[in-house]
Amino acid sequence: MRPVLVYTLLRILLFGVTFGVLWLLGLQQPLLLIVVSFLISGVASYVLLSRQRDAVSERLSAKVDRPKPQND
């Protein structure tokens, strides 16, 4: 579960940083600020968090591919 937690926390952090920078740059309308922050942080996370995203993918596929115990 650790890779999922790390990736999630990094996404939240990236959104917060983007939100703060845009707010400091003068974007004051709340809805627009949230939407633009979400879009920019999404693109940035696609580029910056590829290693963490791959770790999450490996973790989830290992759980899905694990054989299920047979109940007799």
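What's counted below: heavy atoms across the whole structure, side chains too, no hydrogens, waters or symmetry copies.
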For Gln29, what residues pass the side chain to side chain donor-acceptor pair (under 3.5 Å) criterion, not counting sequence neighbours? none
Grouping I, L, V, M, F, W and Y whenever their side-chain heavy atoms are under 4.5 Å apart, do Leu49 and Phe15 come out in a common cluster? no
N/O donor-acceptor pairs under 3.5 Å from side chains in residues 19-26, not counting sequence neighbours:
{"residue": "Trp23", "atom": "NE1", "partner": "Gln28", "partner atom": "OE1", "Å": "3.0"}

Are Leu32 and Phe38 grouped together when hydrophobic residues (ILVMFWY) are joined by side-chain heavy atoms under 4.5 angstrom apart? yes
Leu5: hydrophobic cluster co-members (side-chain, 4.5 Å): Leu9
How long is the straight-line distance from CG of Leu14 back to OG of Ser37, given to the nearest 0.5 Å? 10.0 Å
Show me the pairs that pass side chain to side chain donor-acceptor pair (under 3.5 Å) and involve residues 5-20, at least two apart or across chains. Arg11-Ser45
All side chain to side chain contact (heavy atoms under 4.5 Å, CB included) counterparts of Ala55, not counting sequence neighbours: Pro3
May I ask whether Ile40 and Leu27 are part of the same hydrophobic cluster, defined by side-chain heavy atoms of I, L, V, M, F, W, Y residues being less than 4.5 angstrom apart, directly or through others? yes
